[in-house]
Amino acid sequence: MLEPLGLESALLLVAALLLLSVVASRASGRLGVPALLLFVGIGMLAGSEGPGGIWFDDYAAAQRLGVLALIYILFSGALDTQWREVRMAWAPALSLSTVGVLSTALLVAWFAHAFLAMSLLEGFLLGSIVSSTDAAAVFAVLRARGLALPDKLKSVLEVESGSNDPMAVFLTATSIQLLSSPEIGMGALGIAFVRQMALGALLGSILGWLAVRMINRLRLEYDGLYPVLTLAIAGGIFGLASRLGANGFLAVYAAGLVLAKSSFLRKRTLRRFHDGIAWLMQIAMFLTLGLLMFPSQLLPVAGPSLAVAAFLILVARPLAVFVSLAPFRFTVRENLFLSWVGLRGAVPIILATFPLLAGVPQGIAIFNLVFFVVLTSVLIQGTTIPLAARLLGIAGKPDPESPLAPRGLSDIVTIALETDSPAAGQPIVRLSLPDDTLVLLIHRSGEYFVPDGSTILRAEDRLIVFTSKISIDGVRATLAGDRPSYS
């Protein structure tokens, strides 16, 4: 185990690892390698078998950190979701995150049983662990290479990546339970699945709705307390949902979606804050997982790992995508692209600690195998996504309105509130203005001042508004009384 460090030494070590990771993220775009691969590499170099020589083998601590990180990564991803994308992609994405995940797990289970001498249950455990995808790495590569996806594909990837983790967690826990207690019936597991998912979605939606009301009603005196409040909200939702027998990860994600759809105080600031927290969680998690890995243990599982990775990339994921999206209108090229961008990220490595800590006989072998599979997926798929997009004719250059590029067609306009405007007497936060719109200044009684979400508008106010050109008419209509929906 790692010997205790003094406070100064520990802070210096953490700061150095974080700084290296931030610099590595800058280099990842130029190299075309997803940042998470470099983060893990830094952790391995700092670990016991690297130059750093830090001995770390506390799988329980790594699992706890991974669960904590996943909570805030899911919350941040949901909070940053555009509801236009959800409406466009919810059906195919939901199919991928349920039917697709289950299909992947079953196919990998068959392969592991047929070729790796694993039992079907052990194979299903392995398949469940590697069944979820990580779209964040995909978009990082696309953004670095200046490629934009069609809205339909981008929306499917966004929603799938956020919603398939709870399914993978459930299947992994179910597999471990079946290995420990084979007498459990499939009917009981089916009931548990419906209960956990339905209750998680319901609790998350209700608690997200209550969170919006809390944020808007508390009117905190110090702006710095709003991030503290939302951190407590996300953690509290996961803890409460889990204690009530619901899927806590799904509850957190559902709550984040409700907040993304709603108007509340400091929304833009809180989005940026949670984006930073998500990055911090990812870096800490990947560094820890790198420290946890002993490279010498990867060599004995290199052959089986490469076989599983090849089957997962070339067979299991494509079949799962084609089956899941069969009811929807996706072309063969779109299905092939969605198959290729099914990168495995940190979640499978976190889930691989579950059987190890549960005492599953092949726990350490499964952990090492999963680690190798994830690295192979990221290295091969992550570096070839732009090539696959070009070969399939999927991606083009970012347009000004693409989320992969800065918004370019924006404008600053002045809007006067008429005496009969229904916006008069309302706080800005309740106007449901689009996300690309910001009230910069208000001219009232001969003076200008900077408003916030709680500022109550008055008739004859003149608002200086920053918005995109595609939203100008909608903003004018909202302030004039004919309010469209931006949800």
Side-chain angles (χ1 to χ4, degrees), residues 1 56-70 101-102 104-132 164-186 188-190 192-193 196 242 247-249 285 288-309 311-312 316 344-377:
M1 295 292 294
F56 181 77
D57 60 354
D58 192 339
Y59 292 95
Q63 184 190 84
R64 288 193 292 269
L65 176 62
V67 170
L68 180 66
L70 188 55
V101 168
L102 180 59
T104 301
L106 290 172
L107 288 166
V108 172
W110 169 83
F111 180 83
H113 177 64
F115 296 98
L116 301 183
M118 287 186 174
S119 70
L120 281 174
L121 269 181
E122 290 171 339
F124 187 70
L125 172 59
L126 174 63
S128 300
I129 290 171
V130 299
S131 60
S132 67
N164 64 11
D165 292 334
M167 182 70 172
V169 172
F170 174 82
L171 292 180
T172 300
T174 299
S175 304
I176 295 173
Q177 193 173 9
L178 286 172
L179 284 167
S180 304
S181 306
E183 70 277 3
I184 297 176
M186 296 304 296
L189 292 175
F193 171 76
Q196 286 189 27
S242 299
N247 188 299
F249 295 109
M285 180 173 58
T288 301
L289 294 173
L291 288 171
L292 195 62
M293 178 48 55
F294 293 79
S296 61
Q297 296 179 358
L298 294 180
L299 295 177
V301 297
S305 299
L306 288 173
V308 172
F311 181 80
L312 181 64
R344 270 54 199 173
V347 173
I349 304 177
I350 296 171
L351 294 181
T353 64
F354 284 40
L356 198 152
L357 294 175
V360 173
Q362 294 201 47
I364 188 65
I366 289 176
F367 180 85
N368 291 329
L369 194 150
V370 169
F371 198 99
F372 203 111
V373 168
V374 170
L375 293 184
T376 303
S377 171

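For reference, positions follow the sequence shown, starting with 1. Quick note: numbers below take in every heavy atom, side chains included, and nothing from hydrogens, waters or symmetry partners.
Side-chain contact between Phe111 and Leu126 is absent, with no heavy atoms from C-beta onward closer than 4.5 Å. The shortest distance between side-chain heavy atoms of Asp165 and Phe249 does not fall below 4.5 Å. Looking only at side-chain heavy atoms (C-beta outward), Ile366 and Leu356 stay at 4.5 Å or farther from each other. Taking 4.5 Å as the limit, some side-chain heavy atom of Leu107 sits within range of a side-chain heavy atom of Phe311.
The backbone N or O of Ser128 sits less than 3.5 Å from a side-chain atom of Ser131, completing a donor-acceptor pair. At distances below 3.5 Å, not a single donor-acceptor pair connects side-chain atoms of Thr376 with backbone N or O atoms of Ala309.
If you run side-chain contact (heavy atoms from CB on, under 4.5 Å) between Ser175 and each of Phe354, Phe170, Phe124, only Phe124 comes through. Among Ile176, Leu171, Val370, Thr172, the single residue meeting the side-chain contact (heavy atoms from CB on, under 4.5 Å) criterion with Leu351 is Thr172.
The CD atom of Gln63 sits 11.0 Å away from the CG atom of Leu65 when rounded to the nearest 0.5 Å. How far CD of Glu122 is from CG of Leu116: 10.5 Å, rounded to the nearest 0.5 Å. Distance CG/Leu289 to CZ/Phe56: 9.0 Å, rounded to 0.5 Å.
When every heavy atom of Val130 is checked against every heavy atom of Arg344, the shortest pair comes out as O-NE, 2.7 Å. Residues Ser242 and Gly248 approach most closely at OG-CA, 3.8 Å, considering heavy atoms. Scanning all heavy atoms of the two residues, the minimum distance from Asn368 to Ser305 falls at O-OG, 4.5 Å. Here the closest non-hydrogen pair linking Val308 and Leu369 is CG2-CD2, 4.1 Å. Smallest separation of non-hydrogen atoms from Ile129 and Pro355: CD1-CG, 4.0 Å. The two residues Asp58 and Leu292 have their closest heavy-atom pair at N-CD1, 3.9 Å.
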*After noting the C-alpha distance and the side-chain angles of Phe367 and Val360, does the key distance pass the side-chain contact (heavy atoms from CB on, under 4.5 Å) rule?*
CA-CA 11 Å; Phe367 180 85; Val360 173; over 6 Å; no

